[in-house]
S.K.: 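I'd like to ask you about the structure that follows.
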2 protein chains.
Amino acid sequence: MVKKKTNTEQRIVDAAKEVFILKGHDGARMQEIADTASINKALLHYYFRSKDKLFERVFHEVFSEAFSSIAEVIGRANTIEELIEYFVSYYVAMLKSKPYLPNFILHELNRNPFMVVDLIKDSGMDKSFLIQLLVKESNRKDIRDFNPVHIMVNILSLSIFPFVAAPIIKGFIFDGNKVEFDNFIDERTQHITSFINAAIFKNQS
Amino acid sequence: MVKKKTNTEQRIVDAAKEVFILKGHDGARMQEIADTASINKALLHYYFRSKDKLFERVFHEVFSEAFSSIAEVIGRANTIEELIEYFVSYYVAMLKSKPYLPNFILHELNRNPFMVVDLIKDSGMDKSFLIQLLVKESNRKDIRDFNPVHIMVNILSLSIFPFVAAPIIKGFIFDGNKVEFDNFIDERTQHITSFINAAIFKNQS
DNA sequence: GTCTATAACCGGATAGAC
DNA sequence: GTCTATCCGGTTATAGAC
């Protein structure tokens, strides 16, 4: 049986998550984390030896929040239609509830690319299954001739990028109007799936 | 006539650009910038009063490298086909030569969202022209019924995101093979334009 | 303008009492 | 486990000679 984590330890991790997400690894201050957790700096070092160790813990937790169930979602798909639908609806819904995720991960991707890529490889996401499915489906008569890798990148781009660029879309396109932006996000799953389907299927009017 | 900038000043800005892009605002060190420019720290403060002032100068320069000609490119478009072609080919080519740009700007977008959005507004990019063109074109009989804002965001997403996520695509999809990744980028302009065209135009086989 | 030396400060980490 | 007090290295910024 897993030993129950102390209350303080979780409080620290939660506070660290908040500050690291807001300020990034380099911008975050141990003092601010301590203040947010309502404890003192020394205690941070008692639970986690260093800032880097604390960050590592936070990153792993945040990362698995994002990727723990994606492999299973993909695995259920038998056709490209299902893959698109499952993938997009899962990603957009998940990012709607955790909009900070893409920037947090991309930030670390720049500081430490190999570590992040290794984490993705270990996440259970089955690349060969994905490629196999896409290659098989690309032979269908009703589907246009596209490179499966581009299709995969397109699905990711259309789902994730609006969250990465959210302040620009909100500020520039919607003049800071939060309601209009939220509407836009709510329409997004439906729009992306029909947009991609229109692109890859032949003979639709 | 504009006074010619001293050699040293430009050397500092170039060095700062390099370091800030690589390490980000918070991760960059004035010492490293000085070393890169082959001068000493004191001289940095002689030319620019503080780290923040130097960063501001660098950011403005990098930003205008990215956006100075985009407004003119968009302005030449009369139809949605032209808009897509001009926009995608300009962006992908520009990002191919400056792949660091998206992350640098997105990083600052998190630190300072309003400043970045204000810069975009002042960049001469004519939002109403863009919307007007898209709305007009969306009435065409040969075009599917799509929300113009989503189309605009799609064009941006498909063009920019692969550069943002480059280490993941390179590392995870292409197993670190740089040549395959470069090929992928070279195919990208062509792929995106035909993908978007297939999505928005009716009755294509 | 450019340098060396140093001030002033900040932030991560530790010592040691309770 | 939790606290206060403090250390110590590193970083921005300045003083002052040349």
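Below, read A as the first sequence line, B as the second, and so on, with proteins coming before strands; counting in each chain starts at 1. Heavy-atom basis, side chains included; hydrogens, waters and symmetry copies ignored.
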S.K.: Counting just side-chain N and O atoms, does B:Arg29 come under 4.0 Å of either OP1 or OP2 of D:dG10?
M.R.: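 For B:Arg29, the contact criterion (side-chain N or O under 4.0 Å from OP1 or OP2 of D:dG10) is not met.
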S.K.: Using a 4.0 Å heavy-atom cut-off across all strands, classify B:Tyr46 as base, sugar-phosphate, or nothing.
M.R.: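 B:Tyr46: base contact, heavy atoms under 4.0 Å.
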S.K.: Measure the distance from CD1 on B:Ile39 to P on C:dC3 and round it to the nearest whole Å.
M.R.: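 Computing the B:Ile39:CD1 to C:dC3:P distance gives 7 Å.
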S.K.: Find the distance A:Glu32:CD to C:dC10:C1' and express it as a whole number of Å.
M.R.: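 That distance rounds to 14 Å.
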S.K.: Given atom CZ of A:Phe48 and atom P of C:dT14, what is their separation to the nearest angstrom?
M.R.: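 Roughly 15 Å, once rounded to whole Å.
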S.K.: From C-beta outward on B:Lys41, which listed nucleotide comes closest to its side chain: D:dA15, C:dG11, D:dA13?
M.R.: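 Of the options given, the side chain of B:Lys41 lies nearest D:dA13.
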S.K.: How close or far is atom P of D:dT11 from atom CG of B:Leu54, stated in whole angstroms?
M.R.: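 Whole-Å distance recorded here is 16 Å.
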S.K.: Taking any heavy-atom pair under 4.0 Å as a contact, classify B:Ala28: base, sugar-phosphate, or nothing.
M.R.: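 If one applies the 4.0 Å heavy-atom cut-off, B:Ala28 turns out to touch the sugar-phosphate alone, with no base involved.
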S.K.: Measure CD/B:Gln31 against C1'/D:dT14 and give the value in whole Å, please.
M.R.: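 For the pair B:Gln31 CD and D:dT14 C1', the rounded distance is 15 Å.
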S.K.: Are A:Glu137 and A:Arg140 ion-paired here, with the side-chain N under 4.0 Å from a carboxylate O?
M.R.: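 A:Arg140 and A:Glu137: salt-bridged.
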S.K.: Can a salt bridge be assigned to the pair B:Lys53 and B:Glu56 using a cut-off of 4.0 Å between side-chain N and carboxylate O?
M.R.: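 A salt bridge is absent here (no side-chain N lies under 4.0 Å from a carboxylate O).
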S.K.: Any carboxylate oxygen within less than 4.0 angstrom of a Lys/Arg side-chain nitrogen, looking at A:Asp186 and A:Lys96?
M.R.: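 A salt bridge links A:Asp186 with A:Lys96.
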S.K.: On DNA chain D, nearest-nucleotide positions of A:Tyr47 versus B:His45: which is more 5'?
M.R.: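 The answer here is A:Tyr47.
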S.K.: Given atom NZ of A:Lys23 and atom P of C:dG11, what is their separation to the nearest angstrom?
M.R.: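 Nearest whole value for this atom pair: 10 Å.
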S.K.: Just how far, in rounded Å, is C1' of D:dT2 from CD1 of A:Ile12?
M.R.: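 It works out to 10 Å between those atoms.
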S.K.: Does C:dC3 have its OP1 or OP2 closer than 4.0 Å to a side-chain nitrogen or oxygen of B:Asn40?
M.R.: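 B:Asn40 to C:dC3 OP1/OP2: side-chain N or O found under 4.0 Å.
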S.K.: Measure the distance from CZ on A:Arg49 to P on C:dT14 and round it to the nearest whole Å.
M.R.: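 Whole-Å distance recorded here is 7 Å.
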S.K.: State whether A:Thr8 places a side-chain N or O below 4.0 Å from either non-bridging phosphate oxygen (OP1 or OP2) of D:dT2.
M.R.: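 Result: yes.
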S.K.: Should we say atom CG of A:Asn139 is surrounded by more than 12 heavy atoms from elsewhere, each under 6.0 Å from it?
M.R.: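 Yes, enclosed.
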S.K.: If you draw the axis of the six-membered ring of A:Tyr47, does the NZ or CZ of A:Arg57 fall within 45° of it and under 6.0 Å from the ring centre?
M.R.: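 No, cation not above the ring by the 6.0 Å, 45° rule.
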